[in-house]
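A short write-up of the structure that comes next.
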Protein chains: 2
Amino acid sequence: MAKAAKQKTNSAPEKTTRIQEINRRLILDAALDAFSTYGFRGTTIDQIADKAGMSKPNLLYYFPRKQNIYVTLLEETLAEWLAPLADIDPEGDPIEQLRKYITLKIKMSESHPEASRLFANEVLHGAPAISDFLSKHLKPLVDEKAVIIRRWVGEGKLAPVDPYHLIFMIWATTQHYADFDVQVRAIMGSQVGRPGFREQTAQAVLSIILNGIRPRD
Amino acid sequence: MAKAAKQKTNSAPEKTTRIQEINRRLILDAALDAFSTYGFRGTTIDQIADKAGMSKPNLLYYFPRKQNIYVTLLEETLAEWLAPLADIDPEGDPIEQLRKYITLKIKMSESHPEASRLFANEVLHGAPAISDFLSKHLKPLVDEKAVIIRRWVGEGKLAPVDPYHLIFMIWATTQHYADFDVQVRAIMGSQVGRPGFREQTAQAVLSIILNGIRPRD
DNA sequence: CTGCATTTTGACCAACTAGTCAAGTTTTTG
DNA sequence: CAAAAACTTGACTAGTTGGTCAAAATGCAG
């Protein structure tokens, strides 16, 4: 949807200039910061323009509507955010695959908390901009992985567990550290910033979930 | 903070009339609905007044500022929301106590999803209105329960687990079903509404977490 | 270096929104 | 039942915000 700047011709090519590339990036970075902190309604175009170091009309030259910036950001983010799930290998060792997945998600939660918050905010408010994406891309992917997990359970490689709830639990737990960062900090204080905190978190989460789904006799 | 309507005298008593009681309730109910769906900035006073069936100036007669409604709601909600954690019995059986806690949280997530979303939204945006509450009330409570859990671990009644991360995991997982309801529905479809879904959820969550922290030899 | 396309911006507007106010209506109370 | 208190509202204001526009500045191909 996000139409770029005006072009010489009205045909397909959509060539982007050097300046366009730079400025669109500046805008998107600034917008991610703002949207993830204040939400869509709580963010003004002026704020984004300021942060991006340009005038409001100039920003609107690249993204004619505020909504365009928001949707572009979500689209950009979602693919990347879901990649690790797609990477779960049906032929790998179940516990090992899930360990890798959880570890990666915790890393992402630490390195891109704004992306997590942007997404959380959108879903929290009913996902008006991405409900299509959820049903057309997310659901099939999860369904696919659920089949694999269910097979693993059938083969006795995992304790009997509902695959969907397991995936929700992994999402909820890992993203909690990004989305509820303020609360985590209020409770754990200075520990949060310290080096090694992520490893400690990963250790605790992995220990509970993996032991929770390890096959028992 | 939330000052009630004008009173006869300017002394302490703060007596509330029948009408005040009814109307404040109408306003707060309408506001919870709106704030939890659209967030603070996304909700207008007119919206709340409409939903509550009164004029905007009349609403402002009861809550002179939009902020007042919001803060009152958060305060009202938080105490109730935290009660189950406070109820964990240091002398009870660890697994049983945690089972009860998790079950209760999942029930609340289903019966009061708006409250969960209101809170999630506030924390997601940096908890500007309740950071005091977090450090002055939530932290001490969690610290207190962490000591208990740590003792349980020491006594060999639970597998070695960091109490804070365990509590975060319980919060994250249970509240996920309220906060990310749209996503859960997009993926699990019609199952979500069906009777027994909550029991199925509770079963899955309990199974993973409790087995994850059950003492191992 | 010249002419055209691209980029940038100050000034502006219309819609929206939190909050005010004075004048009315209803409820309570002595 | 009359006066006082409590409640209700239409009309309004001031500030904010998304978006427009025409004109100026800059970049770039030949």
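The shown structure was predicted, so the numbers you read here are calculated from the model rather than taken from an experiment. Chain letters run A, B, ... following the sequence lines, proteins first, then strands; residues in each count from 1.
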Nearest-Å distance for atom pair CZ/P, residues A/Phe63 and C/dT7: 13 Å
Spacing between A/Asn68 atom CG and D/dG18 atom P, to the nearest angstrom: 13 Å
Euclidean distance, atom CG of residue B/Leu60 to atom C1' of D/dT13 [Å, nearest integer]: 14 Å
Euclidean distance, atom CD of residue B/Glu21 to atom P of D/dC7 [Å, nearest integer]: 11 Å
Pair A/Glu21 + A/Arg18: basic N to acidic O under 4.0 Å: no
Phosphate OP1/OP2 of C/dT6 contacted by A/Gln20 side-chain N/O (<4.0 Å): no
Distance, rounded to the nearest Å, where A/Lys56 contributes NZ and D/dG18 contributes P: 7 Å
A/Asp179/B/Val123 under side-chain contact (heavy atoms from CB on, under 4.5 Å): CA gap, chis, key distance, verdict: CA-CA 8 Å; A/Asp179 302 345; B/Val123 175; over 6 Å; no
Nucleic acid contacts of residues 38-48 of chain B, taken as heavy-atom distances under 4.0 Å to DNA chain C: B/Thr43, B/Thr44, B/Ile45
Under 4.0 angstrom between A/Asn58 side-chain N/O and C/dT7 OP1 or OP2: no
Check against side-chain contact (heavy atoms from CB on, under 4.5 Å), B/Ile167 and B/Ile149: CA-CA 10 Å; B/Ile167 291 173; B/Ile149 294 174; 4.2 Å; yes
Derivation of the side-chain contact (heavy atoms from CB on, under 4.5 Å) call for A/Val142 and A/Trp171: CA-CA 12 Å; A/Val142 174; A/Trp171 287 349; 3.7 Å; yes
Aromatic plane relationship, B/Tyr164 with B/Phe168 - under 30° parallel, 30 to 60° tilted, over 60° perpendicular: tilted
C/dT8 phosphate, OP1 or OP2, under 4.0 Å from A/Tyr62 side-chain N/O: yes
Length of the OH-C1' vector between B/Tyr70 and C/dG19, whole Å: 20 Å
Presence of A/Thr17 side-chain N/O under 4.0 Å of C/dT7 phosphate oxygens OP1/OP2: yes
For atom CG of A/Leu26 and atom C1' of C/dT8, their distance in whole Å: 14 Å
Presence of salt bridge, B/Arg117 and B/Glu114, under 4.0 angstrom: no
A/Asn23 side-chain N/O to C/dT8 phosphate OP1/OP2 under 4.0 Å: yes
Parallel, tilted or perpendicular, as decided by the 30° and 60° cut-offs, for the rings of A/His165 and B/Phe197: tilted
Check: A/Lys105 side chain, A/Ile170 main-chain N or O, donor-acceptor pair, under 3.5 Å: no
Phosphate contact (D/dG19 OP1 or OP2) by A/Arg65 side-chain N/O below 4.0 Å: yes
Parallel, tilted or perpendicular, as decided by the 30° and 60° cut-offs, for the rings of A/Phe40 and A/Phe35: parallel
Residue-phosphate contact under 4.0 Å: A/Tyr61 side-chain N/O, C/dT8 OP1/OP2: no
Separation of D/dA6 P from B/Arg24 CZ (nearest whole Å): 15 Å
Under 3.5 Å donor-acceptor, A/Ser116 side chain and A/Ala178 backbone: no
Side-chain-base donor-acceptor pair under 3.5 Å for B/Lys66 and C/dG19: no
B/S/- contact track for nucleotides 21-30 of chain D, protein heavy atom under 4.0 Å: B------S--
